[in-house]
Amino acid sequence: MGINRREFIKLVVGGVAGIHVTPLPWKLTDDIAIWTQNWPWVPVPERGEFKEAKSICTLCEGGCGIRLRLVDKRGVKIESREDFPVNHGGICPLGMGGLQLLYNKDMRFTTPMKRVGPRGEGQFMDISWDEALDTLIQRLKGLRDENKSHLLAALDGLPWDSTESVLVKRFLTAFGSPNYVRVVDQESVDRTVNLIMHGINGPMGFDLENADYVLSFGAGLLEGWGGSGRILNLWGQWKTKKAKVVQVESRASNTASKADRWIAIRPGTEAALALGIARELVERGRYNVDFTNEHVFGFGDFVDQEGRTHKGFRSLLMEAYKPEKVSQITGLQVGDIKSIASELEAAKAPIIIWGRGKGELPMGVHETMAIHSLNVILGRIGRPGGIMVKTGVPLSDLPPPVLDERASVGLKNAPIGGKGLLGCTSLYRFAKALLESKEPLVDTLMIFRSDPIQSMPSSILLEKALKKVPFIVSFSPFRDDTSCYADLVLPDHAYLEKLQELPAPKGLGYSAYCISAPVFPAIYKTKALGDTLIQVAHRLGGGPKESFAFKGYEDVVKVRVKGLFEAKGSIKLGKEPAWKWGINVDSGLSGDEKKDWEGLLKSNIWYMPNNTNGEHLIFPTESKKVELFSLLLKRNREPLKLKGEEDLFPQYKPLEDGKEGLLLIPYEMANWSSGWTPNPPYLTKTIFDNILLKQDLFFEINPRTAKELGLKENDYVEVNTKLGQIRMRVHLFEGAMPGVIYAPLGFGHIGYDEFIKGKGVNISKVLWSQEDLVSGAPLWWGTKVKITRV
Amino acid sequence: MQTIPEYLKSSWRGWVLFGVGFLGALIVGWVIFPMVLYSQHPQPMNFNHALHMDPERVSGIEGDTERERCLYCHEFRDDGTFAGIPKLSKCTECHEDPDSPLGQTPEEKEFLKRYVANHQEIPWYSYYKQPDCVYFSHIAHVKMGNLECKTCHGDHGSRKVLPVYQKNRITGYSRNIWGYRISGLKKNTWDRMKMDDCAECHKDMGHENNNSCFVCHK
C-alpha cells in the first residue's frame with residue numbers, strides 16, 4: 001500500500017510538530033549562537049597564570065624599558081616602564097606591537113634554511129642546524145685552506161660596541177679578513193664628527209632633558225629620532241617647563257606641525273642656515289667667547305708651526321655666509337635667520353640637534369659639523385642641556401684575538417672599499433667597489449641585523465653588487481628583504497628570546513648600558529647569534545678557536561660587564577631621574593660578581609649621571625681642543641680625497657643631480673618601521689589611505705605644483721629618477737613645499753608576510769646618491785625626478 | 001457487514017502516519033540528536049578525586065572543610081586569579097620522584113612514567129570551561145560569596161572515576177555547560193552552567209545588579 005500525497009504531508013507535519021516538542025531546535029539555535037562568537041580563526045591566548053616581566057626594547061636603538069604581560073610563557077602585551085630612566089613611561093607604536101614580530105611565523109625564519117628559488121624571491125627550504133653549520137664551515141674552511149680568508153666579508157648592523165658586534169669583528173679578524181663593513185647611518189656620521197671635532201671615537205649624546213630651547217635641523221623628534229619612547233616623554237616635559245622647540249624642515253611633518261615654530265627651509269640647505277645663524281651670532285659678539293678661546297681650535301685666524309697663516313672659522317663665516325646669501329640658498333627671509341639667532345641668544349640652555357627623519361638616513365659629515373658648530377661657538381659642549389661627547393660605556397675589553405698564520409696573511413690585504421675613520425668600511429663604498437671590479441672580490445658575505453636592500457639609498461646598486469657575491473649568509477631572525485638574497489640562513493633569536501644588550505642608547509645625554517635576560521624561551525628553532533659564532537669558530541680550529549675560547553655568548557657578556565662594575569655608575573633605579581646632573585647615586589653593587597650580574601639583569605640598566613667636575617671637557621684631538629679646523633681631516637686629506645682647505649672646516653655643500661625636474665625627498669613615520677625591524681601588522685592598519693591604499697603608495701605634492709603639472713588627487717604616475725622608475729599615486733598636501741615631492745620610506749618589501757610584502761614601492765632603491773668623501777655615506781637628498789601621468 | 005467509509009479510512013491512516021512522524025521526531029530530538037551532537041573524549045588518564053580528598057588516605061591534603069581541600073590543588077594564585085586544573089608542578093609537590101609511586105595503582109605508575117618523568121603537562125579536558133566571551137571570577141564567588149564548590153561543580157570532588165568528556169561538535173564546549181539533560185531542565189544548581197543559571201542565582205542571592213551585561217561580558 002502506497003502513501004499518497006495527503007498522507008505524506010501528514011507524516012511530515014507530524015515530524016515537524018514532534019520536533020518542536022524536543023530540545024533539538026532550541027538547543028541548535030543556542031549552539032549556533034555560541035558558535036558565531038567563537039570563530040576558530042580568531043586567536044585567543046591560552047589561559048594561564050598572569051605574569052609580568054621587565055625588559056628592554058631593542059627593536060630600535062632607543063633603549064626603552066618595557067613591561068611584558070605574560071600568560072604562562074606567552075607574551076600578550078607590551079607596555080612601557082615608568083621606572084626606567086631612558087623613557088620614563090614613553091613608548092612608540094612599534095614597541096607596543098613587537099609581539100607580532102615574535103609569534104608571526106611568516107615573518108620569521110623558523111629554522112635554518114637554504115635558498116631554493118632565484119635570489120630575491122625569498123624561496124627557502126628548511127634544513128637542520130647540523131646541515132646549516134656544516135655548509136658554512138665547509139665553505140669557510142675552504143677559504144682558509146686556500147689562503148683566501150680575505151674573500152670573506154661581514155656586514156654588521158648590530159648596535160655599536162654591543163657584544164655581538166664585537167664578536168663579529170673579532171671573528172673576522174681571527175679568520176683573517178679585513179672586510180668589516182657597516183651601513184653608514186646618522187649614528188656613524190655622528191661618531192665620525194665626534195672623532196673629527198672632539199677626538200672621541202664614541203657616541204654623541206644630546207642632553208635634551210635639561211635643554212630649554214631645542215633648535216632641530218630636520219630631526220624627526222616625533223617620527224622616531226633618538227628613540228621614540230624617550231622623546232615622546234620629553235615632549236610632554238618640554239611643554240610643562242615651557243621649553244621651545246623650533247623645527248627646521250621643508251615638510252610639515254608631525255614634528256614641524258607640533259613644534260613652537262616651524263622654519264620651512266629648502267631641503268638640503270640646513271647647513272647653510274646653521275652657518276648663517278653662526279655668523280649672525282659672531283657678528284653680534286653673542287657667542288661664548290670664553291669657551292671658544294679656551295676650548296676651540298680654528299675659530300680665529302691662526303699661524304701654523306711652519307709659519308703659514310690660515311683663515312679661521314670666523315673669517316669663513318664672515319665671507320661666505322652673509323645673511324642675504326644664506327637667504328638665497330635656503331629660501332628663508334633674512335629676518336628668520338636673525339630672529340633664530342636672537343632666540344638662541346636669549347635661551348639659557350639651548351641645544352642644536354640634527355638628523356633627517358628618524359636619523360637612520362645619513363647626513364653629510366661637513367653639514368653635520370656645520371650644524372654642530374653652533375653648539376661649539378655657544379659653548380654648549382659638556383654643559384647641562386647641551387651636547388655630551390662620550391667615549392661610550394666602560395665595558396671591559398676582551399683579550400686580543402689570536403692571529404694564526406693564515407689570518408695574518410689574509411689581514412695583509414686592503415679592505416674592499418677602503419677603511420673609514422671609524423675603522424670599518426662603508427657599505428656604499430663596498431658595493432661600489434664590487435660593482436667596479438672585474439675580478440670577484442668576495443666569496444662569502446655574512447649579514448648581521450641589517451636590511452640595506454630595503455633601507456640604503458640607491459640600494460639598486462647593492463642589488464647588482466650582490467649578484468657578484470657567490471655565497472651570502474644571513475643571520476637574521478626575520479625574513480627581511482636582504483635575507484631574500486641569502487643562500488643560507490642561520491637564524492638568530494628575535495628580541496626578548498635572547499640575552500639582549502644596548503650599549504649607549506641612541507642620543508642619550510648620559511652614559512647608559514641596557515641589558516635584559518631572555519623573557520621567554522625561543523619560539524622556533526633559532527640559535528643566539530653569539531653562540532653560533534662561537535660554535536663556528538670552534539669548529540674552524542686554529543686562531544679562530546683560540547680567539548673564541550668562551551663557553552657561550554652569555555659568558556662573553558659577563559666578562560665585558562665587569563668593567564661597568566668597576567666604574568662609578570649605578571645599577572639601582574633611584575628616585576632621582578638619571579639625567580639630573582651631579583646627583584649622588586647609590587651604585588647598588590655588592591662587590592659579588594654573581595649578585596651584581598643578577599642585579600644588573602633585574603634593573604636592566606647600568607647608568608652614570610653626568611657630573612659637574614669638568615671631566616668631559618678633555619678633548620683628545622691633536623690640538624687638545626674642539627676642532628673647527630680639523631687636523632685629523634688634514635692628516636687624512638689624501639686618502640679621503642679632500643680638496644681645498646675649506647674641506648677641513650664645517651661647511652655647506654650643495655647637492656643636486658640636475659636642475660630639471662622636481663626634488664624627491666623621502667620621509668619617515670613613527671608608526672612605520674623603515675629600517676631593519678619589520679612592521680607588525682597592527683601598524684599596517686594605522687596607515688592612512690592617502691599614504692598607502694591596497695598596494696599603491698602615494699607621494700605628497702603641493703597643490704600648486706600639482707596644478708602646474710596637471711596632476712589631481714589619486715592620479716597614477718610614473719616617477720623616474722636616474723636609477724629607475726617607480727609607479728605611485730598623487731596626494732595633494734599643503735604641507736609639501738612647492739617643487740618637492742615627498743614619499744614615505746619602508747614600503748615595497750620583497751620579504752616578510754602578506755601584511756607587508758608588496759605593499760607600495762621601495763623609494764630607497766631609486767634614490768640618487770653621491771658619496772660623502774669623509775664617511776662614505778650615500779648622500780641622498782638631491783634626487784631629481786620626472787613625473788609622467790599614466 | 002458495515003464497512004468503514006473511504007474518507008474515514010484515509011483519515012485514520014493519515015493520523016497514524018502523523019503519529020509515526022511525531023514519534024520519529026521525538027526519537028530523533030530526544031535520543032539521536034544528543035548522541036550526534038556530542039563527541040566522546042576519555043580523559044588522558046584517570047584521577048581519583050575521592051581518594052585525594054580523603055586526608056586519612058592521602059597525607060598532605062590540607063584543609064578542614066571540603067572546600068579548603070578542593071582549594072589545596074585547585075588553588076588561587078597570589079594575584080587572586082584561579083589556577084583551574086592544576087599544572088603538573090602541583091602534582092609533583094607530592095609525586096616528585098617518577099621512580100617511587102606513592103600508591104599501588106597502575107594509573108599512578110603510568111602517570112609518573114608518562115608525565116612526571118618527561119616533565120610534560122597532562123592534556124586534561126576541562127568540563128567547566130566557559131566561552132571566551134565570559135568573564136568569571138572564582139575568588140568573588142568562593143571567598144566573597146562564600147559559595148561551596150559543589151554549588152556549581154556538584155559531586156565532582158567525590159568521584160572515583162573521571163567521566164568521559166563530551167564535547168559539543170558545534171560550539172566546541174563541554175556538555176556540562178548545557179547540562180547532561182538535553183531538555184535543559186535542572187533539579188540541582190550544578191546541573192547547568194548557562195547564563196540564565198548565573199542570573200537566577202544572582203537574583204536569589206540578592207545580587208541582581210550583577211546581572212548587568214558588562215559584569216561578565218567585558
* Test side chain to side chain contact (heavy atoms under 4.5 Å, CB included) applied to D79(B) and F50(A), step by step -> CA-CA 8 Å; D79(B) 63 355; F50(A) 295 118; 4.0 Å; yes
* Asked: Do K194(B) and D30(A) pass the salt bridge (Lys or Arg N to Asp or Glu O under 4.0 Å) test, and can you show the C-alpha distance, the side-chain angles, and the key distance before you say yes or no?
  -> CA-CA 10 Å; K194(B) 295 287 289 177; D30(A) 187 72; 2.5 Å; yes
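With a 4.5 Å cut-off on non-hydrogen atoms, I27(B) does not touch chain A at all. If you measure heavy-atom distances from F82(B) to chain A, you find no contacts under 4.5 Å at all. For chain B, the nearby parts of E49(A) are the backbone and the side chain; heavy atoms of each come within less than 4.5 Å.
Your options are V21(A), L28(A), I34(A), T22(A), and the one with the most heavy-atom pairs under 4.5 Å with chain B is T22(A).
In this structure, the separation between CG on L17(B) and CD1 on I3(A) is 5.0 Å, given to the nearest 0.5 Å. K51(A) NZ to R77(B) CZ: the interatomic distance, rounded to the nearest 0.5 Å, is 8.5 Å. With rounding to the nearest 0.5 angstrom, the NZ atom of K27(A) is 6.5 Å from the CZ atom of F33(B). Between the CD1 atom in I170(B) and the OG1 atom in T36(A) there is a gap of 11.5 Å [rounded to 0.5 Å].
Taking each heavy atom of P23(A) and G29(B) in turn, the nearest pair found is CD-O, 3.8 Å. Looking at every heavy atom in both residues, A25(B) comes nearest to G15(A) through CB-O, 3.1 Å. Shown here for W35(A) and T171(B), the closest heavy-atom pair between the two residues is N-CG2, 4.3 Å. Heavy-atom minimum distance, R47(A) versus P131(B): NH2-O, 3.8 Å. Across all non-hydrogen atoms, the minimal contact from F22(B) to A17(A) is CE1-C, 3.6 Å.
Contact annotation: the side chain of K87(B) approaches that of D72(A) to within less than 4.5 Å [non-hydrogen atoms, C-beta and beyond].
K218(B) NZ: more than 12 foreign heavy atoms inside a 6.0 Å radius. With a 6.0 Å radius and a threshold of 12 heavy atoms from other residues, nucleotides or ligands, M96(A) has its CE atom above the threshold. No more than 12 heavy atoms of other residues, nucleotides or ligands lie within 6.0 Å of CZ in F8(A), so this atom counts as exposed by the packing criterion. Around CD of E66(B), the count of heavy atoms belonging to other residues, nucleotides or ligands within 6.0 Å does not exceed 12. At most 12 heavy atoms of other shown residues, nucleotides or ligands fall within 6.0 angstrom of atom CG in D78(B). Enclosure of atom NZ in K90(B) by more than 12 non-hydrogen atoms of other residues, nucleotides or ligands within 6.0 angstrom is indicated.
A distance-only check finds no donor-acceptor pair linking the side chain of W15(B) to the backbone of K10(A) [under 3.5 Å].
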